[in-house]
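As the structure is a computational prediction, the values presented were derived from the model and not from experiment. Residue numbering restarts at 1 for every chain, and letters A, B, ... go by the order of the sequence lines.
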Amino acid sequence: MFTFGSLLIVALLALVFGAILGFAAIRFKVEGDPLVEQIDAILPQTQCGQCGYPGCKPYAEAIANGDDINKCPPGGEATIKELADLMGVEAKPLDAAHGVEDIKKVAFIREDECIGCTKCIQACPVDAIIGAAKQMHTIITDECTGCDLCVDPCPVDCIDMIPVEVDASHWEWNFSKVPVGDIPIKQVS
Amino acid sequence: MFADYDQIMERLSVNQLWDFPGGVHPEQKKSLSNQHNIEAMPLASAYYVPVKQHIGVHGELLVEVGDHVLKGQALTNNEQSMAVPVHAPSSGTVTNIAEHVSAHPSGIPELTVTIEPDGQDQWISLKPVPDFTKVASVDLINMICEAGISGLGGAGFPTHIKTTSVQPTEFLIINGIECEPYISSDDRLMREHAWQIRQGIDILVHILQPKQVLVAVEDNKPEALETMAIACQQKDNYQVVSVPTKYPAGGEKQLIQVLTSREVPANGLPSDVACIMYNVGTCYAIADAIVEGKPLIKRVVTITGEAVQTPKNVWARLGTPVEELLESAGYLANKQKEARVVMGGPMMGFAITSTKTPVVKITNCLLVPSDEELPHIDDERACIRCSACADACPVSLLPQQMFWYSKAKELDKAQEYHLFDCIECGACAYVCPSEIPLVHYYRQAKADIRNQQEEKAKSEKAKIRFEARKARLQREKEEREEKHRLAAEARKSSMTKDGGAAKDKIAAALARAKAKKEALAKQAVADTTTPSEKTTNETSARSTNQATVSTEQTSKQTKQDKDSDKKAKVAAAIAKAKAKKTKQAAGVVDETSAPSSKKKKNSPITKIPEDTNESEVPAAESEKAKAAELKKKRVAAALAKAKAKKAREAKAAKQKQTEAAEANNNQGEENN
């Protein structure tokens with residue numbers, strides 16, 4: 001009798017807790033943050049295709065499926081480091097087969113030479129080129145990711161990649177590039 | 001939440017103030033420069049006016065190279081909200097608009113208008129306001145903006161934006177603290193122009209309607225305290241407060257804390273604690289702008305340090321190159337191993353990269369120290385964790401932790417230690433026994449973080465644009481496929497459903513054309529008298545097929561006399577085909593579905609109706625058509641003649657070749 005009673009109690013408890021856990025599992029279900037989105041957020045979104053995939057999202061998907069994390073030259077070491085942290089793998093040096101890390105650039109169309117063929121417009125992955133057939137084209141500098149994809153299609157070779165110049169508000173307080181010394185924070189008293 | 005107004009006023013009435021944490025007491029050295037009146041400067045040989053001298057964006061240029069400008073003429077506009085115009089410091093000619101070394105630690109060149117003064121120093125027509133109390137606040141704020149006034153204390157925030165405050169103001173605080181060593185420009189300004197500063201305060205009171213005005217002056221400037229007290233004595237709600245000397249009491253947040261015990265929240269503004277603060281220099285400039293109508297083109301600059309002969313304060317026009325100011329104060333090159341001029345004070349200033357650097361709105365001091373006075377510190381040593389910096393920090397941060405993470409580029413961690421609450425006052429670096437330039441590390445880390453954030457925002461934008469483009473291309477492709485599909489369906493359905501009807505229509509149209517053509521052919525026969533093969537053809541078309549056959553045969557018989565039997569057979573076959581065609585064409589009215597192959601072949605006959613069809617339309621055209629017909633008939637006749645001739649020749653010469661030629665000719669005729 002005693003044994004039966006205790007068994008009953010244990011069984012009841014198991015049922016009750018099972019029900020609670022089951023309810024909690026449904027009620028507080030955590031939507032797993034998709035890994036691809038997280039990887040995509042780290043990638044620099046230049047959409048340059050240097051990794052061999054047609055854009056950053058496809059590369060993010062490839063990484064999620066186990067591709068190497070060192071195929072993104074625009075992101076460089078910083079991106080590789082972040083990806084390594086996220087994926088829990090060892091950070092590797094940039095794969096030179098996909099290009100080398102370069103300074104930031106934006107495309108510039110020499111407008112006198114543009115023939116209005118629209119080839120660069122079709123190549124631009126972020127729609128940063130304005131123009132129409134037989135009309136001069138120009139680049140929206142603010143939207144340009146510097147991906148280089150418009151340079152090759154141009155039949156008259158009128159697109160230059162110009163390095164972005166640092167202005168005072170983006171200056172990184174790097175005194176090594178400035179001839180005169182540091183801020184005089186130390187006063188002799 | 002914070003101390004209420006009455007409580008604060010009670011304490012202020014007995015001159016009891018609060019305190020902010022930390023702070024340092026560097027040697028003042030103000031007496032170097034504050035002994036003499038502010039001097040006027042002679043005209044410079046050229047003024048370099050940077051178009052952006054404040055926080056925000058610069059306005060669009062209003063002048064071009066070669067333009068003659070008057071003193072006080074606006075060089076840029078203020079159409080954007082964060083834009084503050086700049087003005088010509090003297091009358092003269094704009095000689096250049098190009099990049100010029102900037103008044104910034106980096107010295108990165110910025111767009112600058114160069115003006116060569118003509119010596120006349122002629123003002124534009126000024127529009128002073130005789131009684132500002134009768135002018136609406138909005139208009140006053142607009143005038144302040146047009147006068148190009150941005151905070152003259154150091155940060156250079158556009159004054160009109162600060163003044164457009166929506167929150168009610170309890171305390172209007174006028175900052176005459178000038179806590180940084182060496183600098184005495186505000187001190188001299190208060191001593192000499194207290195009344196005009198008071199006018200500026202009156203204007204601000206009219207706009208902002210604060211409950212109380214507090215004029216805060218550090219107790220190391222007794223003369224300035226006295227003059228300000230005299231200037232403000234008539235007003236009940238103006239109180240001049242003597243603040244104990246401690247660096248950085250002049251910082252906006254620190255001064256508010258000292259006067260009211262209220263703490264401005266992180267990422268907040270003074271308006272969040274019902275305070276608003278202006279520098280005394282800004283008040284002076286506001287009075288100048290409203291009462292006299294003059295825009296901001298000059299400011300007081302302290303030239304001091306042991307490497308100048310006569311340290312002093314001068315009224316420097318904005319855009320004056322630093323070298324001219326140094327010259328006026330007597331620069332002693334032998335006191336410095338290498339030329340070093342600090343713009344600003346010793347705590348927060350920066351060494352300029354070129355003596356061509358212009359004076360701008362935020363330039364309050366030029367410090368030219370001797371080598372002993374402000375030695376170069378090159379060898380920073382390791383942090384010994386003494387925490388002297390934490391004791392000195394006026395914002396109660398942990399400088400050594402921030403230094404650690406900034407140096408290691410662990411920017412997330414640095415931000416966790418509230419890096420962005422650092423006011424970069426330099427108190428930590430001042431007390432550091434290891435002589436670590438701490439602020440330098442914070443500035444680098446801040447710049448890195450800002451750049452990273454900007455890049456992040458940019459990449460986010462690029463992502464959105466990339467995805468939008470992909471979606472657009474996909475949509476366009478689908479639309480194209482849909483269109484093709486619909487077109488194909490339409491074609492199919494028209495073929496199956498009303499295909500018969502369509503064919504009927506074609507046949508009917510063909511029949512009509514034939515009938516018309518026959519009628520025209522009759523007419524043509526009546527008209528023409530030229531005998532030719534063509535006419536016979538036409539008559540054949542008009543008459544029965546037998547007639548055609550006979551005429552064809554008769555025309556051929558002339559040749560057949562000489563030609564071989566083979567050729568006769570060919571000609572007969574052609575004639576037969578033609579006869580058949582005409583017959584079918586005539587009888588096509590009854591037929592519902594004429595074979596298309598036949599329709600295509602009747603070219604020699606349909607050719608004429610195609611031309612003559614137009615006889616229905618205007619007479620001029622029908623005449624033209626007739627002329628064309630005549631021409632054709634002549635050509636045909638000539639052709640026939642040539643054939644006959646050829647046939648005759650062929651008889652004598654190679655027979656086979658002529659046969660081929662004949663066949664070709666016949667075909668050519670047919671195609672005609």
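Side-chain contact between B:Arg472 and A:Asp127 is present, with at least one heavy-atom pair separated by less than 4.5 Å. Counting heavy atoms from C-beta outward, A:Asp40 and B:Lys463 have side chains that approach closer than 4.5 Å. Within the 4.5 Å cutoff, the side chain of B:Lys461 has no heavy atoms near those of the A:Gln45 side chain. Looking at heavy atoms from C-beta onward, A:Gln47 lies out of side-chain contact with B:Arg465 at the 4.5 angstrom threshold.
Within 6.0 Å of atom CD in A:Glu90, 12 or fewer heavy atoms from other residues, nucleotides or ligands are found, so the atom counts as exposed in its surroundings. Other residues, nucleotides and ligands contribute over 12 non-hydrogen atoms within 6.0 Å of the CZ atom of B:Arg381. In the displayed structure, B:Gln453 atom CD is contacted under 6.0 Å by more than 12 heavy atoms of other residues, nucleotides or ligands. Crowding of B:Lys456 atom NZ: a count of heavy atoms from other residues, nucleotides or ligands under 6.0 Å exceeding 12.
Options A:Pro44, A:Ala41, A:Cys124 differ in how many heavy-atom pairs under 4.5 Å they form with chain B, and the most are formed by A:Cys124. Annotation: maximal heavy-atom pairing with chain A below 4.5 Å, among B:Glu110, B:Lys458, B:Arg450, occurs at B:Lys458. Each of B:Ala468, B:Ser102, B:Ser459 has some count of heavy-atom pairs under 4.5 Å with chain A, and the biggest count is that of B:Ser459. Between chain A and the residues B:Glu467, B:Glu454, B:Glu460, the largest count of heavy-atom pairs under 4.5 Å involves B:Glu454.
Between A:Pro54 and B:Phe466 the shortest heavy-atom distance is O-CZ, 3.6 Å. In terms of heavy atoms, B:Ala462 sits closest to A:Val126 at O-CG1, 3.5 Å.
Once rounded to the nearest 0.5 Å, the distance linking CZ of B:Arg469 with CD of A:Gln122 reads 8.5 Å.
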